[in-house]
Q: 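Mind having a look at this structure? Questions to follow.
Proteins get letters first, then strands, A, B, ... in listed order; numbering begins at 1 in each. As a basis for the values below, the full set of heavy atoms in this structure was taken, side chains included, without hydrogen atoms, waters or symmetry mates.
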There are 2 protein chains.
Amino acid sequence: MSSPYHHGDLKAALVAYAREQMEHTGFDGLSMREMAKAVGVSHTAAYRHFADKKALLDVVATESFSELLELTRQGAASAPAEPRSRLQASGMAYVRFGLSAPRRLAHMFSSMEAPQASETLRAAGFGLFAFLEGLVGAGQAAGVFRAGDTFQLSRACWAMVHGLATLPSLTRLAHSSQELETALLSAEEALAVFLDGLARK
Amino acid sequence: MSSPYHHGDLKAALVAYAREQMEHTGFDGLSMREMAKAVGVSHTAAYRHFADKKALLDVVATESFSELLELTRQGAASAPAEPRSRLQASGMAYVRFGLSAPRRLAHMFSSMEAPQASETLRAAGFGLFAFLEGLVGAGQAAGVFRAGDTFQLSRACWAMVHGLATLPSLTRLAHSSQELETALLSAEEALAVFLDGLARK
DNA sequence: TCCTGGATGTTAACGGTGTCAACATAAAGG
DNA sequence: CCTTTATGTTGACACCGTTAACATCCAGGA
């Protein structure tokens, strides 16, 4: 009886394996059968916990959004209590996540883009955006950022940060920790350019 | 003899079909067999022209990079001969492409990110970046953009534009032509924020 | 305590997929 | 004309996602 009939927490084990493995194989290279085997279970056991493959990967994406939100929160919290610094630190936490888990980040947005994305998944994504929007709004309220539609400016900011986090020329270079360091510095400089534009004129 | 034994130009037909269909099904939902059937040929005929599926899709990506380069060129050319306007018009052409062909744009970068991306594919991608770098460098030479490493600033600019081109597609706002119009205006505003930051201080 | 129903896991099967090998046909060129 | 080469077809293999039918375990009421 080295392996009992019931796994114990198959659902969590599958999600954890998928989340870890996604970085290696890419999310399209992950098969239900291989994941099941890796977790030590038969190739259809997962269907007791997930409607289909997409549902499993959606859970990974949703959890990753929560994780990213937490990272950006911590980034903002650990920065000087000043709008620009907070926004910058938060954005850099986002970029750091993108450099350390590019495939997963790509998957998060690719699954959100899907027409039948689950409501909880979309909520997780929008939660992340809402946090960013709060930072931008605070900067406007403090008179440090330019006036204008907060939603618009936040989207601009999101696009900048997301672009920095996903640009292949950056992610491709982030293999060694040395390269990761220079990539981060480069991203910080780029973000500073945008933040200069965001400042009140 | 409604269909002759030899297709005529199977290679081009497959690429054209894949390029068109990618927008509907997404690039992972495209199967060799289905494409072959759609073009009116047997399910392995494609292997006379492409080593494997990836090779076919790489051609689509490479051609799309050329197309995007051409669009950004035209955008710059049709703008007032002034660095900021040219860069803005060029970037907006990029964004327009992203809004009209989001799946294809995603595929272009996803295939470029792959470790075994073909050299011609990567060259096409870098060609696009080189053009952008030229625009940024011209602005610096004219004293309109801030001084600094041109490569760095260009990458910042690329990230901004790429983020704008990628992000709205996941907020799924660009379906009707009305929405596309407002999405473009929003992107233009966002790009303006960045360009303000890029300006000489 | 039994035993019964629901939760979880397994086995078998179906259609679909990428790809290779063997074969068939057409075009090109001596 | 005949042979070489390019192109297309058929058949097979292993793998994949998913469903249906069956097996096993656990929990809770008689």
Q: When you measure from the side chain of A:Glu179 to the backbone of A:Ser176, do you find a donor-acceptor pair of N or O atoms at a distance under 3.5 Å?
A: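 Yes, the answer is positive, given that a donor and an acceptor are paired below the 3.5 Å cut-off.
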
Q: Please give, in whole Å, the distance from C:dT17 P to A:Asp28 CG?
A: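 After rounding, the gap between these two atoms is 16 Å.
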
Q: Roughly how many Å is it from CG in B:Leu56 to C1' in C:dT19, rounded to a whole number?
A: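 From B:Leu56 CG to C:dT19 C1': 14 Å.
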
Q: Please report, to 0.1 Å, the donor-acceptor pairs under 3.5 Å made by any side chain of residues 189-198 of chain A, with sequence neighbours excluded.
A:
residue, atom, partner, partner atom, Å
A:Asp196, OD1, A:Arg84, NH1, 2.7
A:Asp196, OD1, A:Arg84, NH2, 3.3
A:Asp196, OD2, B:Arg146, NH2, 2.6

Q: Measure from NZ on B:Lys37 to C1' on D:dG8 and round the result to the nearest Å.
A: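 Whole-Å distance recorded here is 16 Å.
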
Q: Could B:Glu188 and B:Arg96 be called an ion pair, given the rule that one side-chain N must be under 4.0 Å from one carboxylate O?
A: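 Judged by the 4.0 Å cut-off on N to carboxylate O distance, B:Glu188 and B:Arg96 do not form a salt bridge.
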
Q: How many whole angstroms separate atom CZ of A:Phe50 from atom P of C:dT8?
A: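 Interatomic distance, CZ of A:Phe50 to P of C:dT8: 12 Å.
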
Q: Between B:Gln140 (side chain) and B:Gly148 (backbone), is there a donor-acceptor pair under 3.5 Å?
A: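 Flag set: sc B:Gln140 to bb B:Gly148 pair under 3.5 Å.
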
Q: Could I get a table of every N or O pair under 3.5 Å where one atom is in the protein and the other is in nucleotides 13-17 of chain D?
A:
residue, atom, partner, partner atom, Å
D:dC16, OP1, A:Ser31, OG, 3.3
D:dG17, OP1, A:Met32, N, 3.0
D:dG17, OP1, A:Lys53, NZ, 3.0
D:dG17, OP2, A:Met32, N, 2.8
D:dG17, OP2, A:Arg33, N, 3.3
D:dG17, N7, A:Arg33, NH1, 2.4
D:dG17, O6, A:Arg33, NH1, 2.8

Q: Could you tell me the separation between the CZ atom of A:Arg48 and the P atom of C:dG6, rounded to a whole number of Å?
A: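 To the nearest whole Å, that distance equals 14 Å.
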
Q: What pairs with B:Lys54 under salt bridge (charged side-chain N to carboxylate O under 4.0 Å, His left out), at least two apart in sequence or on another chain?
A: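 Testing B:Lys54 for salt bridge (charged side-chain N to carboxylate O under 4.0 Å, His left out), a comparison that skips the adjacent residues, returns B:Asp58.
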
Q: Is the phosphate of D:dG8, meaning OP1 or OP2, less than 4.0 Å from a side-chain N or O of B:His49?
A: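 Result: yes.
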
Q: Does A:Thr44 make a side-chain donor-acceptor contact with the base of C:dT11, cut-off 3.5 Å?
A: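 Check passes, donor-acceptor contact within cut-off.
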
Q: Angle between ring planes, B:Phe27 versus B:His107, binned at 30° and 60°: parallel, tilted or perpendicular?
A: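 The rings of B:Phe27 and B:His107 sit tilted, inter-plane angle from 30° to 60°.
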
Q: Using whole Å, report how far CE of B:Met35 lies from C1' of C:dT17.
A: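 Roughly 13 Å, once rounded to whole Å.
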
